[in-house]
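These notes are about the structure you will find just below.
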Amino acid sequence: MSSVACRSRLAAAAASLWLGACVTIHEGSTPASRSGVGPAAVELAAVPFFPQEIHACGPAALAELLVREGVDITPEVLSDEVYLPGREGTLAPELVASVRRHGLLPELLPARSEAVLHAVAQGRPVLVLQNLGLDMLPHWHYAVVVGYDLGRQEVLLRSGLERRQRMSLFTFEQTWLRGGGFALTAVRPDQLPLYATAAQWLQTLTDAHAPAAAWERAAKHWPGSAAASFGLANARLARPQPDLHAAEQALSDAIRDDPDFLPAYNNLALVLARQNNWVEARKAIEGGIARIGVPPASPAAAALLPAFEDTRRQVLAGRLDPPAGAR
Amino acid sequence: MFLSHRPVVFSLIVTLFFAALPMRVAQADMIDTGSALHWQSGGDVRAQVADLLTRDDVRAALLQRGVKPEVVAARVAALSDAEARDLAQRIDQMPAGGDGIIEVLFVVFIILLITDILGLTKVFPFTRSVNHR
């Protein structure tokens with residue numbers, strides 16, 4: 001082997017090492033893993049486009065997501081909710097919070113491109129955070145995935161000043177996974193999430209103060225979840241016209257499905273008391289106190305005891321204290 | 001941490017610890033769903049007290065970074081407990097999507113040009129990656 005060839009080979013190796021130090025190449029999805037996402041090509045043409053002002057890709061991308069679901073909003077208004085001047089950009093948790101502020105439910109998708117494509121196939125545009133630069137030289141950018149074409153191996157983005165940015169699936173995966181794989185969809189209260197577990201979704205509904213309809217959907221989707229029934233009961237009570245009977249039913253379901261979901265006893269007793277059913281109310285709260293046990297079965301159970309004893313006091317007195325705010 | 005907060009916060013802790021308020025209550029001592037989920041996942045009361053302090057920190061951090069005073073309360077209130085904790089801990093470290101302008105030296109320009117062409121990055125609008133048919 002000539003020394004020239006050897007040297008050039010060395011140079012190539014050095015160059016690839018040096019490039020390797022600058023950029024991590026992420027392992028993307030495979031054609032096989034993408035085969036089940038949905039139709040071969042999808043474009044959600046109805047997703048609006050807001051060409052972004054400088055630094056304002058966050059508010060612009062968020063507006064595209066929200067307006068698509070019928071929220072009447074502009075990127076300018078959203079800037080006050082999500083833009084952080086000191087960082088010249090937008091932080092992901094504030095985008096998630098803003099989705100809730102507008103009556104929608106945020107679902108974070110798993111960091112796999114199949115999940116993003118599947119969401120798009122289901123009619124849900126996906127807000128993604130990309131690092132368009134390098135790990136050591138990041139260039140952070142929010143865009144919205146609105147389509148894909150498996151044949152051409154590309155995704156379609158609302159991005160920056162481009163209404164239809166076509167990007168190869170490879171480049172999309174590299175820039176998106178380098179950015180941490182953040183993918184956000186805005187779910188309407190009458191819809192279910194695509195990937196969230198019961199625990200994740202119930203927390204989302206709680207954080208969003210979701211309407212009873214959303215809880216009803218969740219309770220039906222995860223039958224046997226005491227937490228879902230419990231949340232449903234509270235949502236029914238939070239209505240302008242509280243439905244006491246339906247709330248009582250949901251709390252009974254919670255106890256039936258999981259007798260150790262202790263908070264349900266307390267609320268069931270109070271809902272019965274509000275219907276003047278003092279006999280059943282007493283049974284409920286005493287059943288709960290018996291479950292806590294003497295001494296309490298666990299520190300968690302013990303933490304509930306003061307609240308339960310206070311409820312029993314009110315039930316035995318045959319009169320409920322006025323709401324905390326009115327005391 | 002305590003040194004940076006005013007005595008009012010301190011008295012808040014004391015109140016919350018000793019006023020026999022183990023659960024956040026909504027109305028007539030109903031247990032709210034957030035508290036029930038927190039209870040179910042084995043969380044204790046002190047975490048909820050800490051969350052109040054966290055929100056105080058986040059509010060100050062947002063103001064310091066230029067958020068208008070008239071909108072800061074709504075922004076803090078919109079955060080879930082987990083999001084507030086995340087922001088309080090990493091507000092300057094987490095990525096801020098905003099297309100900051102990269103200060104490009106010539107060498108860096110060449111690297112990014114190469115990585116753009118390889119389809120690993122997408123910094124320049126005029127590049128088209130080799131793997132893009």
Side-chain angles (χ1 to χ4, degrees), chain A residues 19 22-23 25 55 57-58 80-81 84-94 96-98 100-101 129 132-134 137-142 152-154 167-168 170-171 174-175 179-180 202-203 206-207 227 230-231 234 237 261 263 266-267 270 300 303 306-307 310-311 320-321 323-324, chain B residues 20-23 25-37 39-42 44-45 62 64-68 70-71 74-75 78-84 86-87 90-92 94-100 102 108 111-112 114-116 118-123 125 129 131-133:
Chain A
L19 198 61
C22 293
V23 55
I25 298 179
H55 298 322
C57 57
D80 272 346
E81 295 184 15
L84 192 57
R87 293 289 318 274
E88 292 186 335
T90 300
L91 308 183
E94 291 211 281
V96 178
S98 182
R100 286 194 300 266
R101 282 177 81 169
L129 174 63
L132 297 175
L134 303 169
L137 201 72
H139 185 75
W140 299 106
H141 176 67
Y142 289 110
R152 303 173 68 111
Q153 293 289 296
E154 61 185 28
M167 184 177 271
S168 79
F170 175 76
T171 302
Q174 294 305 315
T175 55
L202 299 185
Q203 189 62 53
T206 305
D207 291 338
F230 183 89
N234 273 346
L237 294 171
F261 194 81
N266 179 73
N267 287 14
L270 290 167
D310 192 52
T311 298
L320 294 183
D321 296 344
Chain B
L21 256 183
M23 283 287 174
V25 288
Q27 193 207 336
D29 303 324
M30 295 287 290
I31 294 170
D32 68 65
T33 309
S35 294
L37 294 182
W39 174 85
Q40 189 184 29
S41 64
D44 71 75
V45 195
L62 291 180
Q64 209 171 28
R65 284 157 191 78
V67 172
K68 296 180 210 157
E70 65 268 28
V71 300
R75 276 172 76 152
L79 297 168
S80 69
D81 289 342
E83 288 155 6
D86 201 13
L87 274 188
R90 304 196 301 131
I91 193 162
D92 287 324
M94 64 172 67
D99 298 302
I102 299 180
V108 170
I111 301 174
L112 290 174
I114 294 168
T115 53
D116 257 26
L118 291 176
L120 291 164
T121 57
K122 184 76 182 85
V123 175
S129 78
N131 60 42
H132 195 168
R133 278 172 282 169

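Each chain gets a letter, A, B and so on, in the order its sequence line appears, and its residues count up from 1.
- A donor-acceptor contact shorter than 3.5 Å links the side chain of A/Asn266 to the backbone of B/Asp29.
- For B/Ala78 against A/Arg100, the heavy-atom pair with the smallest separation is O-NH2, 2.9 Å.
- Highest contact tally toward chain A, considering only B/Arg90, B/Lys68, B/Glu83, B/Gln64, is held by B/Glu83 [criterion: heavy-atom pairs under 4.5 Å].
- Minimum interatomic distance between B/Gly66 and A/Pro85 (heavy atoms only, all atoms of both residues): O-CG, 3.3 Å.
- Among all heavy-atom pairs drawn from B/Asp86 and A/Pro93, the shortest one is OD2-CG, 4.1 Å.
- Here the CD atom belonging to A/Gln174 is positioned 10.5 Å from the OG atom belonging to B/Ser129, to the nearest 0.5 angstrom.
- Taking 4.5 Å as the limit, every side-chain heavy atom of A/Asp80 sits out of range of all side-chain heavy atoms of B/Glu70.
- You'll find the side chain of A/Leu137 reaches within 4.5 Å of the side chain of B/Leu112, heavy atoms only.
- One N or O on the side chain of A/Asn267 and one on the backbone of B/Ile31 form a donor-acceptor pair closer than 3.5 Å.
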Let me see the working for B/Gln40 and A/Leu202 under side-chain contact (heavy atoms from CB on, under 4.5 Å), right down to the final yes or no.
CA-CA 12 Å; B/Gln40 189 184 29; A/Leu202 299 185; over 6 Å; no
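- Put simply, of B/Val71, B/Asp92, B/Asp116, the one with the most heavy-atom pairs under 4.5 Å next to chain A is B/Asp92.
- Separating the CD1 atom in A/Ile25 from the CG atom in B/Leu120 is a distance of 4.5 Å, to the nearest 0.5 Å.
- Remark: A/Phe230 engages A/Phe261 in a ring pair (Phe, Tyr, Trp, His ring centres under 6.0 Å) (not counting sequence neighbours).
- A pairwise comparison of heavy atoms in A/Thr171 and B/Gly119 identifies OG1-O, 2.7 Å as the closest pair.
- The closest donor-acceptor contact from the side chain of A/Arg87 to the backbone of B/Ile91 lies under 3.5 Å.
- Checking each of A/Asn234, A/Asp207, A/Thr206 against B/Thr33 for a side chain to side chain donor-acceptor pair (under 3.5 Å) leaves exactly one that passes, namely A/Asn234.
- Taking B/Arg75, B/Lys122, B/Arg65 one by one and counting their heavy-atom pairs under 4.5 Å with chain A, the maximum is reached by B/Arg75.
- Contact record, B/Pro95 with A/Leu91: O-CD2, 3.5 Å, taken as the closest heavy-atom pair.
- In this structure, CE in B/Met94 is found 12.5 Å from OG1 in A/Thr90, a value given to the nearest 0.5 Å.
- Using a 4.5 Å cut-off between heavy atoms, B/Leu79 contacts chain A through both its backbone and its side chain.
- For the pair A/Gly133 and B/Thr121, the tightest heavy-atom approach, listed with the atom from each and the gap, is O-CG2, 3.2 Å.
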